[in-house]
Every structure is written in structure tokens, then in C-alpha cells.
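First up is the structure itself, then whatever we jot down about it.
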Amino acid sequence: MRKDREIDRLRAEISETCRQAAAYPGGIYRLCVPTGGGKTLASLRYALQHAILHKKHRIIYAIPFTTIIDQNADVIRESLKKDRVILEHHSNLIQEPEDTGLAEPDEGDRHSLLTERWDVPIILTTTVQLLNTLFLGKTQSVRRMHNLANSIIILDEVQTIPIKCLDMFNAALNFLAEVCGATIILCTATQPGSNVGVPVRCSPPENLVPDYEEIFGKFRRTTICDARIPGGYSASALADSVLEKRQANTSILVVMNTKKAARNLYAALKRRYPTCSLHYLSTALCPAHRRVKLGQLNEDLKARKPVICVSTQLIEAGIDISFNCVIRSLAGLDSIAQAAGRCNRHGEDACRDVFIVNSSEENLSRLPEIRKGQLHTERVLREYAENPAQFDHDLLSPKALARYYLYHYEVQKREMQYPVSRKNSGFVTDVTLFDLLSLNRTGVTAYANRFGHRPGYPFCQAFASSGSQFAVIDQDTVSVLVPFGRGKEIIEELAKTPHLPATVELLKEAQQYSVNLFKNEVQSLDNGIYPIGDTGVLALADIYYSREYGITPLTDNEPVLF
């Protein structure tokens, strides 16, 4: 790795520290490194060394965004030169049938063969897939769970775990480490607090990189500017503001909270500044399409062309890209910190500006987590304006982020055990999935009331009830194969390929050409989605996929985490 810049020398020090820390025994550790600190290669270096020293079976990367999987897979392949040992698993193209007990004998075998079991040395997957493996009541997910034992599990951007899953997830991490022999690394650039809910029992020393607060100061290369206005910016007004900042910046990244707001801003900029190199990124684009667009964007940045990129939050976590200026629509302070990591990423200049703006066109009624994050950020912004010294004169300092997480978690303590309303579940009372999987007070009480005594068996957990209620994202999504590039050929080949091994290979390749849609988005496409033979895969008609915007039409929903 190059070491001619100060930031590269800092990254090398972090990487070497992680390699040395691999000698620690298995357990749970934190890797808290600033954005741009080289977490991917540092954690890989740790994991390989730890696997050798402690005879671990495999390395599992759990990553919140599929865009980061694309990038990290490329980085890891380039580093190891062994493509065959790496599995990317982030899309459920095969829909798991309901467990009715009426399936034909060969149908179960077919689905078993089409499901990844994670029995390979290195797995790159999503946080959703990991959570499903632990808690979803479907055999497709549970089938993978045994391979978590004696593995190294690297949780990237761990701060993005949904609030409702936190207590269950933390308890599961403790179980995996203490009972199953797994080593777990919690990676983040914005260290969340651990003193609420069920605590993660970290091993000593808790942090793989000591004195990380001092390291954050060395990596500081942006200034956060509060540029909000009363009522918020319309797409037209925000476009004018972006073009004004173009006079002092060659490249600008604008990150919005919803697809609709991002698309409206992109269209407004396109009308005003057709000669500039404009780019648009969204989860409506399949991974292969995003990779093409990111490649074009990087080429323009390297050529120092005037560049403006409008994106949803998919770009702000882990994408190795650098702009002169970043504009972030108001969100959680952790999201703002991630967006700031795309500004002056490699320390090209002493310091660059990141602007916080507010939008009048973002409908967050279906995105409550972002709205809550906004409220807690606004509180920190007010406190910073009154006394910036308490945050070391830096809105992204560890002290500022600690204050944000204090507010973020404190008001949501009741949500951390995955509450389930009887109104939506059919239960006779309100319950939490955490209780169903631990003491199951509701079930035990009902049994005692009916039979006059407690159950006579030691395990009273309501596994089936809990598994049927669990969903990482409240609105179920459907994976759809799109006709972009090679994706169109895969759709045609799947339609005429009955041979099972060939189907499996096609489905692996198809993950790069699939998009996850909410059910209301599926409905908005009318008859644009159709099944491919008896493969269980859904495909999108050509007319509904645009080379500029991806799947159209779109609603205002944007997956917050995955």
C-alpha cells in the first residue's frame, strides 16, 4: 500500500495494529476507525491472522448496503487473488415456499440446493441475511446458522442495526461468542453507546485500536456547516444552491433521504446545468448498473471534470470516493458523519466543507427512523451552537456523536426488544419477540391459567411464533431480476434452462442484476413483473427499466438500512 501521504501512513498504522491484535483470544471486540481509515483491509488482515492463530473455519462479513458488498468483494478479491473462496450472498432471488408439509419430495431438495449454506471460507452478506439467519422462522435462513460457529464475524457499520432488533441481536452476539466459539468484530466510524438495553459483553481490550479518539482528530479533514433554512429547500432552490457552490468546488456530492427527492433534484440540475457531468445513484439501479455508474463517476473525478452527483444514502457508507464538497439532507448525525467521509477522503486538501440542508420535498412518513434521527441531530446542533467547546469545536467529534447516540437510544429503550402489537399479530396481548425467545411470560402464563401449573419442560420459548413475526424491515421486499446488460440474457437463459446446476450458476450471477422492491412499488409497476417459468424468480419487463434512473416508476420509499 502507498505511504507517501500522511493519511496513508495512518491507515498503515491502523492495519498493523489490527494484525497484532489478532493474537487476542476469541470474543467480541470493537474496531472504531474514522471514515477513510481503511477498515475493510484492516479487518481482513485481522481476520486472516486470527483464523490462522485460532483455527477458525470461515470469515463472514455482514454489511448493511449491497453497494458496499460490491466494492468490498472487489477489494478482497484483489487482495487474496482467490475468487473461488469468496461467496457474495445478498439477494433472495429464490422465494422460500411456506412450510406446509405438503411439498413434493424433490421440491425441498431443489430449494435446498438453490440456497447458499455459507459453507465457504469467506462470505460477504448483508446484515439482513445475518439477522434472518438468527431469527427468521424459515428453513432457508436457519439452514445457515450452524456455520456461524467457530467463525470470525465482521459486522461493518454496526450502528445501522435497526433499533427494534438491538436487544435480540446483542444477546445473539454474546451467545455466538461465548457458546459457539465465534469471534465478532464490531466495525464503525461512529461508535454507538453500549450502556442501554442488553449490553454486548466485549472482551478485554475492548477496542482493537486504542486511543481511537486521538486518531479521529488526526483524520479530521472536513468542516460541518449548518445551512438549513426555514421551511426547507425545494428541489429548485437546492439546485440553485448547489450551482452556487460549484463556483468554488470542482466536484459536489448531494445526498438526499428519499428516491423522489433525489430524482427531483437531479432533474432540476439537469435543466439548469446541462454541460456539467451529472450523475444519479439510487437503489432503483441494480448492483451491476450502479457499478458502471460509479466507474464513470470515478473516471470523471480523476479527470478533474466538473462533477455533480445526486444520490440516496447508499453512497455514504463505505464507498471509496472523494468529492471537494458534500451536501447532506438533514438526517441522523451518524449518517451525516458517513456522508462527510466522502468529502476530501484522502486528505487532498487541508479541510473542505460539508453542508447540512433541509428539504421541503422529502416525505418521511414511511421512514420513521430517519425522522427520529433528524430530531436528535437538531438537538445536538442547538447545543453545539450554544457551546461548541463542549464538543471540541467539531460536530463529528466522538463527544458530539456520543451525545447524539445518548438521545437516539434513550428515547427508544422500549423499542429495543422488538415489540409486537396484538392488533397486528393475532396474539391475545402485546408482546416482544425478545420475551418470546427468552422467558416467554405470555405463553407460560397462558399455559398455567389453562392447566393450573407451569409447563413441565425446560424450554418454553415460542420459536415458531417469534420466527413468523420477525422482519428486519417492516415492509417486506421482493427481489426482481432486471433487464440491464447481462441481466436480460440471464432472464432468457433461466426461462429455457431446466438443468439444476446450470440454474444455480445463473442465479449466482443474477444477484448483480436484481433490485429489491417494496410491495407498493411492485403494485405501481402494474403488470411489469412476471415469473420466469418454475424457477421462483421474478423478472421486470424492459419498458420499466431506465438506463438513467433504473426501475421506474418509483414511490417515495427508500430502504433505510439495506
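All of these numbers come straight from a predicted model, not from anything done at the bench.
- Although no hydrogens or angles enter the test, the distance criterion places a donor-acceptor pair under 3.5 Å between the side chain of Asn344 and the main chain of Asp349.
- Listed by first and then second residue, the ring pair (Phe, Tyr, Trp, His ring centres under 6.0 Å) pairs involving residues 131-183 are Phe135-Phe470 (not counting sequence neighbours).
- Side chain of Gln374 to main chain of Leu330: a donor-acceptor pair is present (N/O by atom type, distance under 3.5 Å, no hydrogens or angles).
- Looking at Thr377, its side chain does come within 3.5 Å of a backbone N or O of Ala331 through a donor-acceptor pair.
- Put simply, CD on Gln412 and NZ on Lys164 are 12.5 Å apart, with the number rounded to the nearest 0.5 Å.
- Between Lys302 and Glu299 no salt bridge is recorded (no basic side-chain N to carboxylate O distance below 4.0 Å).
- In this structure, the ring pair (Phe, Tyr, Trp, His ring centres under 6.0 Å) partners of Tyr46, at least two apart in sequence or on a different chain, are His50.
- Using a 4.5 Å heavy-atom cutoff, the side chains of Thr17 and Leu208 are not in contact.
- Side chain of Thr133 to main chain of Gln129: a donor-acceptor pair is present (N/O by atom type, distance under 3.5 Å, no hydrogens or angles).
- Taking 4.0 Å as the cut-off between side-chain N and carboxylate O, Arg45 and Glu16 count as a salt-bridged pair.
- No side-chain donor-acceptor contact under 3.5 Å links Ser335 and Gln313.
- Glu509 and Gln511 share no donor-acceptor pair across their side chains, judged by distance under 3.5 Å alone.
- Between Thr127 and Ile161 there is a side-chain heavy-atom pair separated by less than 4.5 Å.
- Of the possible donor and acceptor atoms, one in the side chain of Arg58 sits under 3.5 Å from a partner among the backbone N and O of Asn147.
- Among pairs with a residue in residues 389-398, those fulfilling salt bridge (charged side-chain N to carboxylate O under 4.0 Å, His left out) read Arg220-Asp394, Asp392-Lys399, at least two apart in sequence or across chains.
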